[in-house]
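Down below is the structure, laid out as structure tokens.
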Protein chains: 2
Amino acid sequence: MTTDDLMARALESLGADGPLSVEAIHRLADVADVPEAMTIAEVADLLDISPHTLRYYERAGLIEVARDGNGHRVYDTHAVRRLVFLTRMRLSGMPMRDLQHYVSLVDDGERTVPERLDILLEHRDTVRRQLRELTLSLAAIEYKIATYGGRTGPDAELSVRRAR
Amino acid sequence: MTTDDLMARALESLGADGPLSVEAIHRLADVADVPEAMTIAEVADLLDISPHTLRYYERAGLIEVARDGNGHRVYDTHAVRRLVFLTRMRLSGMPMRDLQHYVSLVDDGERTVPERLDILLEHRDTVRRQLRELTLSLAAIEYKIATYGGRTGPDAELSVRRAR
DNA sequence: GTTTGCGTTCGAGCGCGCTCCAAGGCCTAG
DNA sequence: CTAGGCCTTGGAGCGCGCTCGAACGCAAAC
């Protein structure tokens, strides 16, 4: 699980907070092992998505991929990097539509940086909201677990009844 | 936004960690203002979902709701509490299918508590994974924001180019 | 030489979770 | 008395993000 490795590294760096973490994320963004050229299967494996999905992203205009002599896709470093970004955005819930808009801005050159920034800022807020929601849900789940079976104190028995 | 209020309270309590937070979550689970009887519009408003969705949940067998003389739904405290739980689970990504299974277990009585516990434990892990993923995504987004417009250091200019 | 395996394209299909429509009932305000 | 508003039901429709099927190509293995 390459993704898990990345996550582990990221969380490590987040643990040790401060100005150092920016550097750590930087390394993260530069993905560890990116061969010059990768097949669709390799990229799918790397990103933990299916080849179907990769083709779908291409059809959706999120990315252009070169072909070799046999007409097979060849993912270069640039393509893989973009896909890492795209899957990150998808994982955090950014809709395909927004992603399509975003990449169209990228294609329009540097002058669209402000608008891209807007999109990112908005998505950041969305992700933060999600994090708050999830944290709250987690608390609710753990509370319920405690009433059901966890040792939560002397009134555990009573809590089970309250939990319904 | 009642939901937001709840969130705010929950996050407050999470901030001040320790054995106290369990109590705080307890208060949270007991929802602040639950009138004896509520209309579908009131409940929808409370939970920030549409009346359509509430009817859908009922059709899906997630909950039974009584009717008044006019055939209109009357949500009692018990129903509202279950819906708070259900929406919490939905918000954290539990599939309808699992939720249907869960409530069928509840209907089967106390002897299904162990299986319910299993479901909750598994979902807790899922939520934790989501939290890790989201945290990583947030870091990636903030890194990109920094390269685009944030003051991230002396090499900001250079970073913009790298950010593509 | 044929089988196996991985790739290609285009288009259709699907699972999920709503979301809406149509036709109608009851209640209140004007 | 009628109009507006909110509710009811059953069933259909929809947007999203994949996911798959069919038919085919190329290339290495047997």
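To find a chain, count down the sequence lines: A is the first, B the second, and so on, and within it residues start at 1.
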Using a 4.5 Å cut-off on heavy atoms from C-beta on, say whether the side chain of [Y] contacts that of [X].
X: B/Arg73; Y: B/Asp68; result: no
X: B/Thr112; Y: B/Val106; result: no
X: B/Lys144; Y: A/Leu117; result: no
X: A/Val103; Y: A/Leu105; result: no

With rounding to the nearest 0.5 angstrom, report the CD1 to CD1 distance, B/Ile141 to A/Ile119. 12.0 Å
Rounding to 0.5 Å, atoms OG1 (A/Thr126) and CG (B/Leu134) come to a distance of 11.0 Å
For [X] and [N], what is the distance between atoms [atom1] and [atom2] respectively, to the nearest whole Å?
X: A/Met38; N: C/dG7; atom1: CE; atom2: C1'; answer: 16 Å
X: B/Leu54; N: D/dC7; atom1: CG; atom2: C1'; answer: 13 Å
X: B/Glu42; N: D/dC6; atom1: CD; atom2: P; answer: 12 Å
X: A/Leu99; N: D/dG15; atom1: CG; atom2: C1'; answer: 17 Å
X: B/Leu91; N: C/dG17; atom1: CG; atom2: C1'; answer: 13 Å
X: A/Glu58; N: D/dG17; atom1: CD; atom2: C1'; answer: 17 Å
X: B/His52; N: D/dG10; atom1: NE2; atom2: P; answer: 15 Å
X: B/His72; N: C/dG25; atom1: NE2; atom2: C1'; answer: 7 Å

Would you mind telling me which residue lines up with the more 5' stretch of DNA chain C, A/Tyr75 or B/Met94, judged by nearest nucleotide? A/Tyr75
Go nucleotide by nucleotide along DNA chain C from the 5' end; which of A/Arg73 and B/Thr53 gets its closest nucleotide reached first? A/Arg73
Side chain of [X]: nearest nucleotide among [options]?
X: A/Tyr56; options: D/dT8, D/dG25, D/dT19; answer: D/dT19
X: A/Ile40; options: C/dT19, D/dG17, C/dG7; answer: C/dG7
X: A/Met96; options: D/dC18, D/dC20, D/dC7; answer: D/dC18

Once you apply a heavy-atom cut-off of 4.0 Å, does A/Ala41 come out as touching a base, just sugar-phosphate, or nothing? sugar-phosphate
Just checking B/Pro51: base, sugar-phosphate only, or nothing, at a heavy-atom cut-off of under 4.0 Å? nothing
side-chain hydrogen bond (donor to acceptor under 3.5 Å, both in side chains) partners of B/Arg90, counting only residues at least two apart: none
Look at atom CD of A/Gln100 and say whether more than 12 heavy atoms of other residues, nucleotides or ligands are closer to it than 6.0 Å. yes
Among residues 62-71 of chain A, which residues get a heavy atom nearer than 4.0 Å to DNA chain D? A/Asn70
Suppose we screen for salt bridge (charged side-chain N to carboxylate O under 4.0 Å, His left out). Which residues come up paired with A/Arg124, at least two apart in sequence or across chains? none
In terms of hydrophobic clusters joined by side-chain contacts under 4.5 Å, are A/Leu46 and A/Val74 together? no
Taking the six-membered ring for Trp, are the ring centroids of A/Tyr102 and A/Phe85 within less than 6.0 Å of each other? yes
Check the interface with nucleotides 3-5 of chain C: list each N/O to N/O pair with the protein under 3.5 Å, or write none.
none

So, is [X] close to the [N] phosphate, meaning a side-chain N or O under 4.0 Å from OP1 or OP2?
X: A/Arg55; N: C/dT9; answer: no
X: A/Tyr57; N: D/dC18; answer: yes
X: A/Arg90; N: D/dC18; answer: yes

Kindly determine whether A/Glu64 and A/Arg82 satisfy salt bridge (charged side-chain N to carboxylate O under 4.0 Å, His left out), including the steps that lead there. CA-CA 10 Å; A/Glu64 286 180 14; A/Arg82 177 176 282 198; over 6 Å; no
Distance-only check: which donor-acceptor pairs under 3.5 Å involve side-chain atoms of residues 34-43 of chain A, not counting sequence neighbours?
unit_1, atom_1, unit_2, atom_2, d
A/Thr39, OG1, A/Ala41, N, 3.4
A/Thr39, OG1, A/Glu42, N, 3.2
A/Glu42, OE1, A/Thr39, N, 2.9

Under 3.5 Å, which N/O atoms of the protein pair with N/O atoms of nucleotides 10-12 of chain C?
unit_1, atom_1, unit_2, atom_2, d
C/dG11, N7, A/Arg59, NH1, 2.9
C/dG11, O6, A/Arg59, NH2, 2.9

